[in-house]
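Have a look at the structure below, then the notes.
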Amino acid sequence: MLESEKILRFEIITEIRKKVPTCFTSNGQFIGSSVTKNNANELKEVITKNNIDKVIIEDITLGYLFRNNFLTQNFKDQVNLVLDFFYKG
């Protein structure tokens with residue numbers, strides 16, 4: 001991978017990291033409103049277009065949930081919802 005490709009990839013992942021929180025409601029629910037669903041659809045386009053690996057999205061999602069104290073009993077369900085949304089269908 002060329003240096004310029006690495007930089008572009010880093011920038012794309014940084015953009016995704018900034019957009020993931022917009023796909024959750026204030027109580028940590030993935031796609032809990034029409035706004036968060038629109039945001040998730042836009043993010044899905046970025047993920048698909050740039051062939052972002054599932055492990056990266058899982059890591060970003062877990063980090064977001066952890067930093068915002070959303071690692072409750074159902075956090076695995078939330079992560080699975082995220083991965084299913086972005087990588088299935």
Side-chain angles (χ1 to χ4, degrees):
M1 184 180 283
L2 297 174
E3 191 65 28
S4 60
E5 291 172 324
K6 290 179 184 178
I7 292 169
L8 178 62
R9 189 110 173 129
F10 176 79
E11 289 172 351
I12 292 165
I13 291 171
T14 299
E15 177 186 349
I16 291 168
R17 199 174 298 279
K18 289 177 183 176
K19 289 186 177 184
V20 161
T22 69
C23 302
F24 287 85
T25 61
S26 61
N27 65 351
Q29 182 183 0
F30 183 68
I31 306 183
S33 70
S34 60
V35 172
T36 56
K37 184 168 184 167
N38 288 339
N39 293 339
N41 283 324
E42 290 175 9
L43 185 54
K44 184 175 184 174
E45 290 178 27
V46 172
I47 291 168
T48 302
K49 177 183 172 188
N50 293 287
N51 197 28
I52 303 299
D53 192 81
K54 197 175 191 177
V55 173
I56 292 171
I57 301 304
E58 182 177 34
D59 180 58
I60 291 171
T61 302
L62 283 168
Y64 167 75
L65 293 171
F66 176 77
R67 283 188 307 280
N68 291 280
N69 296 316
F70 294 138
L71 287 183
T72 59
Q73 290 178 336
N74 72 339
F75 82 92
K76 289 181 183 179
D77 294 337
Q78 290 298 309
V79 172
N80 287 334
L81 285 172
V82 170
L83 297 178
D84 287 350
F85 180 83
F86 291 133
Y87 294 98
K88 291 184 180 177

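Keep in mind the model is a prediction, meaning the values are calculated, not measured.
Note on V35: it does not cluster hydrophobically with V20, by side-chain heavy-atom contacts below 4.5 Å among ILVMFWY residues.
Under the 4.5 Å side-chain criterion, counting only non-hydrogen atoms from C-beta, E15 is not in contact with L43. Two residues are said to be in side-chain contact when any heavy atoms from C-beta on lie closer than 4.5 Å; V46 and E42 fail this criterion. Side-chain contact check for I7 versus E3: some heavy-atom pair is nearer than 4.5 Å. Side-chain contact between N41 and F85 is present, with heavy atoms from C-beta onward closer than 4.5 Å. With contacts defined as side-chain heavy-atom distances shorter than 4.5 Å, the pair I47/I16 qualifies.
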Practice item. Using the side chain to side chain contact (heavy atoms under 4.5 Å, CB included) rule, take K88 and L83 through it: C-alpha gap first, then chi angles, then the decisive distance, then the call. Key: CA-CA 8 Å; K88 291 184 180 177; L83 297 178; over 6 Å; no

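Remark: L8 CG to E5 CD distance equals 8.0 Å, nearest 0.5 Å. In this structure, NZ in K19 is found 12.5 Å from OG1 in T14, a value given to the nearest 0.5 Å. A distance of 11.0 Å separates CD in E45 from CZ in F86, rounded to the nearest 0.5 Å. Interatomic distance, OG1 of T36 versus CD of Q29, reported as 7.5 Å (0.5 Å rounding).
Between F30 and A40, the closest heavy-atom pair is CZ-CB, 4.2 Å. Taking both residues in full, the closest heavy atoms of V82 and F24 are given as CG2-CZ, 3.8 Å, listed atom of the first, atom of the second, then distance. Across all their heavy atoms, R9 and N50 have their closest contact at NH1-O, 3.0 Å.
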List the atom pairs, with distances to 0.1 Å, where a side-chain N or O of residues 54-68 and a protein N or O form a donor-acceptor pair under 3.5 Å, not counting sequence neighbours.
unit_1, atom_1, unit_2, atom_2, d
T61, OG1, I57, O, 2.8
R67, NH1, G63, O, 3.1
N68, ND2, Y64, O, 2.8

